[in-house]
Trainee: 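Here it is, the structure, as structure tokens.
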Number of protein chains: 2
Amino acid sequence: MSAVKDSKPDLEVVERLDRSGFRATPQRTHVYKTLRAKRDHPTAEEVFIRAKKDMPEISMATVYNCLDALVQSNLVRLVNHDKGATRYCSNMMKHHHFYCVECGGAFDIDAPSSVHEPLIKLPTGFKADRYEIAFRGLCPDCAAKKKR
Amino acid sequence: MSAVKDSKPDLEVVERLDRSGFRATPQRTHVYKTLRAKRDHPTAEEVFIRAKKDMPEISMATVYNCLDALVQSNLVRLVNHDKGATRYCSNMMKHHHFYCVECGGAFDIDAPSSVHEPLIKLPTGFKADRYEIAFRGLCPDCAAKKKR
DNA sequence: CTAGGTGCAAAAGGTTTGCGGTTAA
DNA sequence: TTAACCGCAAACCTTTTGCACCTAG
């Protein structure tokens, strides 16, 4: 009922791509799966390297194309660190990010489902449909090292 | 109220640069003043163009160098839009940003001085010394256009 | 059949670096 | 004097684009 490389591509994904006007190609679903396989924030190149393991013929351009389609389909988010290449995140749950100023790492911070209140009142006219908090400071590891 | 080129370079700036181990060179103070002159979020190239008006011999590399020194001295912040070049912001008051998904513009959102509370509890070990909220949605102009 | 997608290679940004010359402590 | 800094140009890295071929609808 399923092949080695073509395991069922998750209806949700197919549907979302379709709703945004994209075909659910093997490359796109594979890039998505690659991203889901690990809970970190890889760069496009990192994704490319990982995706090639199971799909050696995929190209960098296609990875960019796929990531773009996935972002537009709301299956993946962009995450910008302060420097360097754009990173991608397949965790679409409401969450925030913590950036360690020491080691440069980025960590997901879950948003409490209860309190996502209009913490800040926006000036009249602005219509926000989402927000994300970027914390900066020391991650547990670096904080521990620093203390000594 | 502005001078030709060498108006006194603001003690605060000199001191901050110095405290971070940078000399307060004419280029650095000029780039800083350039950034302060307008309340937007220019790219490095934009800064370069503006800075050249009053300092024609300044180079792109120097602008990058200066911006870097200013960021490290806490006189300027990096602002990343979703796409494109890094942008810079000389508004160091506690504030957040609103990104318009329609026109791509970025707007400063003042943080109420009263409530800058730890609205989200971080997992144990994380030591945040600051945070910034990125709102996304429609700016007043685009919201108005959309309504029609 | 044909619009959309892929892979490749080349191009286009954006940022950094190496280096000779200059300047401030 | 000398370490820091400047301007220039080349290098580098990330992302986009043009194009020939391919494939699903």
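Everything quoted here is computed from the prediction, not taken from an experiment.
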Trainee: Tell me: CZ of B:R28 to C1' of C:dT23, nearest whole Å?
Mentor: 13 Å
Trainee: Sugar-phosphate means primed atoms, P, OP1 and OP2; the rest is base. With that split, encode nucleotides 17-25 of chain D 5' to 3' as B, S or - using protein heavy atoms under 4.0 Å.
Mentor: B------S-
Trainee: Tell me, please, which residues at least two apart from A:M93 pass side chain to side chain contact (heavy atoms under 4.5 Å, CB included).
Mentor: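 A:M93 satisfies side chain to side chain contact (heavy atoms under 4.5 Å, CB included) with A:N91 once adjacent residues are dropped.
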Trainee: Please give me every residue in residues 44-53 of chain A whose heavy atoms get under 4.0 Å of an atom in DNA chain C, ordered by residue number.
Mentor: none
Trainee: I need the CG-P distance between A:N65 and C:dG7, as an integer number of Å.
Mentor: 9 Å
Trainee: Enter the distance from A:L17:CG to A:L70:CG here, rounded to the nearest 0.5 Å.
Mentor: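 Result: 6.0 Å between the selected atoms.
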Trainee: If I take atom CD1 from residue A:I58 and atom OG1 from residue A:T34, how far apart are they, to the nearest 0.5 angstrom?
Mentor: 7.5 Å
Trainee: NA contact type, B:T25, heavy-atom cut-off 4.0 Å: base, sugar-phosphate, or nothing?
Mentor: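 Result for B:T25 = sugar-phosphate.
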Trainee: Apply side chain to side chain contact (heavy atoms under 4.5 Å, CB included) to A:A44 and list each qualifying residue two or more places apart in sequence or on a separate chain.
Mentor: A:M60, A:Y64, A:L67, A:Y88
Trainee: Using a cut-off of 6.0 Å, state whether more than 12 heavy atoms not belonging to B:E45 lie near its atom CD.
Mentor: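 At most 12 heavy atoms, drawn from other residues, nucleotides or ligands, come within 6.0 Å of this atom.
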Trainee: When you get a sec, tell me which of D:dC5, D:dC6, C:dG5 is the closest nucleotide to the side chain of A:F22?
Mentor: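 Between D:dC5, D:dC6, C:dG5, the one nearest the side chain of A:F22 would be C:dG5.
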Trainee: What's the separation between atom CG in B:D68 and atom OG1 in B:T62, rounded to the nearest 0.5 Å?
Mentor: 12.0 Å
Trainee: Looking at B:T62, does any N or O in its side chain come under 4.0 Å of the phosphate oxygens OP1/OP2 on D:dG7?
Mentor: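 For B:T62, the contact criterion (side-chain N or O under 4.0 Å from OP1 or OP2 of D:dG7) is met.
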Trainee: Should the pair B:K127 and A:F135 be classed as cation-pi, given the thresholds of under 6.0 Å to the six-membered ring centre and 45° from the axis?
Mentor: no
Trainee: Return whichever of B:V63 or A:M60 has its heavy-atom-nearest nucleotide of DNA chain D closer to the 5' end.
Mentor: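 The residue whose closest nucleotide sits nearer the 5' end is B:V63.
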Trainee: Determine: side-chain N/O of A:Y64 to OP1/OP2 of D:dT16, distance under 4.0 Å, yes or no.
Mentor: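 Result: no.
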Trainee: Parallel, tilted or perpendicular, judged at 30° and 60°: which one describes the rings of B:H96 and B:Y131?
Mentor: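 Ring orientation, 0 to 90° scale: parallel.
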Trainee: Assess whether salt bridge (Lys or Arg N to Asp or Glu O under 4.0 Å) is satisfied between B:E132 and B:R77, documenting all intermediate values.
Mentor: CA-CA 11 Å; B:E132 197 222 304; B:R77 312 187 348 191; 3.6 Å; yes
Trainee: Rounded to the nearest 0.5 Å, how far apart are CG of B:L35 and SG of B:C89?
Mentor: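 Reported to 0.5 Å precision, the distance equals 7.5 Å.
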Trainee: Please report how far the helix from C:dC1-D:dG25 to C:dA25-D:dT1 bends, comparing the axis fitted to its first five pairs with the axis fitted to its last five, to the nearest 10 degrees.
Mentor: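 About 30° separates the two local helix axes.
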Trainee: Between A:H30 (NE2) and C:dG5 (P), how many Å, whole number?
Mentor: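 Going from A:H30 (NE2) to C:dG5 (P), I get 18 Å.
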Trainee: Assess whether salt bridge (Lys or Arg N to Asp or Glu O under 4.0 Å) is satisfied between A:D54 and A:K33, documenting all intermediate values.
Mentor: CA-CA 11 Å; A:D54 287 308; A:K33 245 179 291 180; over 6 Å; no
Trainee: Just the rounded figure in Å: distance from C1' of C:dC8 to CD of A:E57.
Mentor: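 Value for this atom pair: 13 Å.
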Trainee: Under a plain distance cut-off of 3.5 Å, with no hydrogens placed, do A:R28 and A:Y32 share a side-chain donor-acceptor pair?
Mentor: no
Trainee: Tell me: CE of A:M55 to C1' of C:dG7, nearest whole Å?
Mentor: 13 Å
Trainee: Could you list by number each residue of residues 68-89 of chain B showing a heavy-atom separation from DNA chain D of less than 4.0 Å, or answer none if no residue does?
Mentor: B:K83
Trainee: Does NZ or CZ of B:K121 come closer than 6.0 Å to the centre of the six-membered ring of B:F126, within 45° of the ring's axis?
Mentor: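 Output no; distance or angle outside limits.
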Trainee: What is the separation between atom CD1 on B:I58 and atom P on D:dC5, rounded to the nearest whole Å?
Mentor: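 Rounded to whole Å, this separation is 14 Å.
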Trainee: Which distance, rounded to the nearest 0.5 Å, do you find between the CZ of A:R87 and the NE2 of A:H97?
Mentor: 11.0 Å
